Each structure stands twice: as structure tokens, then as C-alpha cells.
Amino acid sequence: MPDAAAIRPVLLVSVAALIVRVASAVVVAQPGYTDAFYYSIVASRLAHGEGLTADFIWNFLEAPNFAPLPIPSHQFWVPLATTLQAGGIALLGGVLGEFRAAQAAVIAVAAFLPAAAYAAARSLDVSPRYALAAAAFVGLGGVFAPGWVAADSFAPAALIGTLFFLAFRRAARGSLRAGVLAGTAVGLLYLARAEGALFGLALLVLALRPASRSAGLAGSAIALAIGGLWFARDLGLGASDLLARSMLLVRYEDFFRIAPPTAQEFLGALPDALAAKGSALVTNAVTALFAFFLLLGPLAAVSAWRLRTRADVRAWSTLLVIVFLAQSLLWTLHSTRGSYFHSLAAFFPFGMALASAAAERALAPRHAPIGRLWVTGTFALAVALSGGALFEWDASFNDLARVRTATLDAIPPGPFMAIDAAAWRAISGRSVMVTPADGVTQLACATAMYHARAVVLEAAHFRTYDAIYNGTERPPWLGPPVVRDTIKIFPVVGELGCSVHIFRATD
């Protein structure tokens, strides 16, 4: 924690960062993308006593055999972001509205990030001045600026990850209490991001060493207890497709099939799968460059090498590599669509602390004006990256939300089918089911089973719907479309039948 003399400047930096967060929320005025929409919708249901359930289907992984709505939620994602937001809604929903209340809970967590970054820098023997600089950079967020106020797990993962590295060094020295804290952090990080389980590898290393065995075993036991309870819940729900939909994808849209991917299909397209893994290595390396290393990454790398004998630094650099490889080579197609970028949040504050250590070492022997110039220039870069990230978020998500909202009056009353069911559920307030990527036969079956009254196709749609969207074909049970911008709404014009036995068949 910050020393007594630094409490006031750290508090000032934290308050300034909080003001930035509130200003950022003006731009991030709605969840924006599938994950965040999903978390916020279920959070609302949880806050109102309906448990972890969903009245929409974003992926048929959660609705095997066309299970009736509502269905158990979070059979793919983990629950911390949702439960955090549910707390915000329960406390402030009546005052701020549900989304803003959920967002307030995330902002409250993000408010602690500057102090956590400062504590991390001070633990690396960085002076208060440079530690405050690290705190300010983390408070601004850089490309994570929208994430610090998003209805997602960026801010919780960043805070928990930093606390893990702070506890880990003491645990490596044999502190049982620190081992317990590190294990708790791993368990919570797993509930924030599934790849957080990989942080448990560091605890196992501690358990293998005599000096830290008790701390490592205690931490591992707590992490396993927290993660195991959630994993047991998934197993109890019968989420048997999880591994296949995570690791056996040849095309990303196969994730949204009713029929899960199979090992046979994966091996049959092995050259394509291997090519995708090679591409993911490059793509994710570029993601890391822009998400982290562009700001102060080279300095963090220098510090990571210079301080490599420290257990916390060694854990940070090793886990950074392990997560990169796991995301790229195991969860390949998920990683390049945002999953790896999410992963980097847990490493960001401690990485900025490492960068501040290298900056001080390089600049301290020089004249003070040079140091001030460097800090000012880097701060300006952080401001530019943060502003640019918010601008990009606005362009990517707010415009689309406005187009979708303007389309609602053209969609017939009742449930409907769409590619981004979570977003459409939030915007429309109706039950929405994802258009399955298998084909039109499965679409007809899902439409019938859930009594959908329309099929909504956007410019971004699964390729099996190309002919329908382009107007070259149209099933007889779909009427002529109503076109709004790039969105086409096809009303269901007849009754459909469906035999449940085809739900795992391919078109």
C-alpha cells in the first residue's frame, strides 16, 4: 500500500483518474459488444432475483436440445463481471438506471487502479515521483481507457492481477498469509477471465520449493476451491461442448453452430487450423504491441530482464508469455477476436510499474529537465492513446447501436433471430436467439422452437445466409425483407415444424 507521505498525491491522482473515468462514461454509454451486453443483461436479472439466467440465446452451447427460456447463463463465460454489476444495480439502479448503476460498480473498481499501480512501482523500489507517473498512466488507461468503464472484466482483472503480483513476492519468501492472498487472487481472476487459471501455475511452482511450499500449497488450495466450485457448476449443467467450441474451431463462425465442432472436422482441416494458429501468433503480437508495448513496453521489458531474479517480476514475464501462447495456440480464433486483448489487462498496471523502474534508472543520472520532458512526453502519449481508444470505441459501437435502435419499429412483435442476440436483447427488450451458423434448416428449426416472428440479418452475418441477405434466395417461410440501412428484417410468414433430433445435424 502507499506509504503515509504519499497518500495525498496518490489520492489526488486517483481522484483525477476517477474524473477521467466519469468523462469516459459519456462515450461508453451502452455495453457496446456481445460480451458486455451479455454480462449486463444477466446482471439485471441477477439483481432482480432471477439468478444467473438468460432469456435469450447468444450461443446454442447454452441451449442444448432447444432448452426453453430462461436458461442457465454463463455456461461459456465466467461470472465476476456480472455479479459486480448486479451489485451496482441493486444499490444504485433506482437512481442511475440499470446500465449506469452497473457501470458505476466497474468505475468504483477502476478507481483503485492508480493506487495499485503506485504500490506495484514502490514494491520495485521506484521513487514516489516515478511511481506516481505509473499511477497516472494506468489511471488514464491508454488503449484500455474504454475498458476501465466498460460493462466487462477489464478493470476487475487489472486490479486482481496487480494484487496477485504484489502478494506473490512475499509468498515466494514463505509468507503463508501472502500465499493465501495470492491464491484468492488467482481464484477471483479465474472468475473474471477463464485464462486466469493459468496464474495458478505460478502457485504450483511455489509449492515445489521447500522455502515456499506451505504458501504455494495454501494458495493453490484456495484457488482450486474457488475455481473448482465454478467448474463443478458448469459440469452440473452439462456444458459438454465447451472444449470443442473453445479449441476445435476451424472457422470462428462454427462457434455459433447448433452442432458443436468435432475433432474429426478439426483434423480434416488441419492445414487451415495450423495456418490460423500461425496467423494468431502474429495478430496477438501486434495486439500486445499496441495495447501495451507502444506506451512503455520496451522499458517494461528492460526492467523485466534486469529484475528477473525477483519472484514477482519473473512470474509477470513468464505468465505474460504463457498466456500469449495459450491464447494463440489453444484458443486461437477466440484470441484474435478480443480474448487476448482482454487478457492483457491483468498485466497492464504491473507492467507500467516495471516501465517506471526502467525510466527512473535511465533518467535519474541526467538533468532534471530531461526527466520532466520525458515524463511529460510520455504522459501526452498516454492521453493521446486514451482519447484515441475512446474515439475508436465510439465509432465501432455507438454508431451500430444507433442503427439497430432505429430498426426496432420494423421488427414484428415477439421473439426474433439475429446474429448478436445479446445486443439485440438489450436494445429491444425481447427474447432473441442467435441465427445458427449451420444453415437454413437449423434456422427454421430454431425459429419454430422459439416461436420467433422475424429473422434479422445484418451486413455482418454468417456466410450460410449470404444468399438470403443478397436476395438471390429466400425460404418460403420468410416474407420479403424490410430494409433499414444495412439491416434486413425478414418476417416469418408461416408456421414451421421442427424435429428436435436434427439439432446436432449439419445442414
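Start at 1 with the first residue, then count along the sequence. Just so it is clear, the structure is predicted and the values come from calculations on it, not from any experiment.
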Kindly indicate whether the side chain of [X], heavy atoms from C-beta on, has any atom under 4.5 Å from the side chain of [Y].
X: Leu243; Y: Leu248; value: no
X: Asn59; Y: Arg245; value: yes
X: Ser40; Y: Gln103; value: no
X: Leu242; Y: Gln75; value: no
X: Pro415; Y: Tyr450; value: no
X: Arg484; Y: Asp409; value: yes
X: Arg404; Y: Trp424; value: yes
X: Ile226; Y: Ile222; value: yes

Any idea how [X] and [Y] line up, ring-wise: parallel (<30°), tilted (30 to 60°), or perpendicular (>60°)?
X: Trp316; Y: Phe350; value: tilted
X: Phe165; Y: Phe199; value: tilted
X: Phe76; Y: His334; value: tilted
X: Trp58; Y: Tyr38; value: perpendicular

Does any N or O in the side chain of [X] come within less than 3.5 Å of the main-chain N or O of [Y], such that one atom is a donor and the other an acceptor?
X: Lys488; Y: Pro481; result: no
X: Thr53; Y: Pro70; result: no
X: Asp438; Y: Ala259; result: yes
X: Glu392; Y: Gly388; result: no
X: Arg251; Y: Asp254; result: no
X: Ser396; Y: Trp393; result: no
X: Ser153; Y: Pro156; result: no
X: Ser279; Y: Ala275; result: no

Is it true that [Y] and [X] share a donor-acceptor pair across their side chains at a distance under 3.5 Å?
X: Glu458; Y: Thr486; answer: no
X: Glu62; Y: Trp77; answer: no
X: His74; Y: Asp234; answer: no
X: Asp152; Y: Tyr33; answer: yes
X: Ser73; Y: Arg45; answer: no
X: Ser328; Y: Asn284; answer: yes

Problem - Pairs meeting criterion side-chain hydrogen bond (donor to acceptor under 3.5 Å, both in side chains) with involvement of residues 19-31, two or more places apart - result: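 Matches after skipping sequence neighbours: Gln30-Asn398.
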Over all atoms of both residues, closest heavy-atom pair of [X] and [Y]:
X: Ala421; Y: Val434; result: CB-N, 3.7 Å
X: Pro349; Y: Val138; result: CA-CG2, 3.8 Å
X: Ala47; Y: Ala90; result: CB-N, 4.1 Å
X: Ser428; Y: Leu408; result: CB-CD2, 3.7 Å
X: Ile41; Y: Ala422; result: CD1-O, 3.1 Å
X: Ala43; Y: Thr82; result: CB-O, 3.4 Å

Looking at [X], I want to see if its [atom1] is surrounded by more than 12 non-hydrogen atoms of other residues, nucleotides or ligands under 6.0 Å.
X: Phe231; atom1: CZ; value: no
X: Arg337; atom1: CZ; value: yes
X: Phe266; atom1: CZ; value: yes

Exercise for the section: Flag the pair Phe164 / Phe168 as yes when their ring centroid distance falls below 6.0 Å, and as no otherwise. Expected result: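 Yes; Phe168 has its ring centre under 6.0 Å from that of Phe164.
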Quick one: [atom1] on [X] to [atom2] on [Y], what's the gap to the nearest 0.5 Å?
X: Ile427; Y: Thr405; atom1: CD1; atom2: OG1; value: 4.5 Å
X: Glu253; Y: Ile419; atom1: CD; atom2: CD1; value: 8.0 Å
X: Ile411; Y: Arg453; atom1: CD1; atom2: CZ; value: 13.5 Å
X: Ser431; Y: Asp55; atom1: OG; atom2: CG; value: 4.5 Å

Practice task
Run through Trp148, Phe348, Phe341 and flag the one making a ring-ring contact (aromatic ring centres under 6.0 Å, His included) with Phe154.
Solution key: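 Of all the options given, the one that passes is Phe341.
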Practice task
Could you tell me whether Asp399 and Arg402 have a side-chain N and a carboxylate O separated by less than 4.0 Å?
Solution key: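 A salt bridge is present here (some side-chain N lies under 4.0 Å from a carboxylate O).
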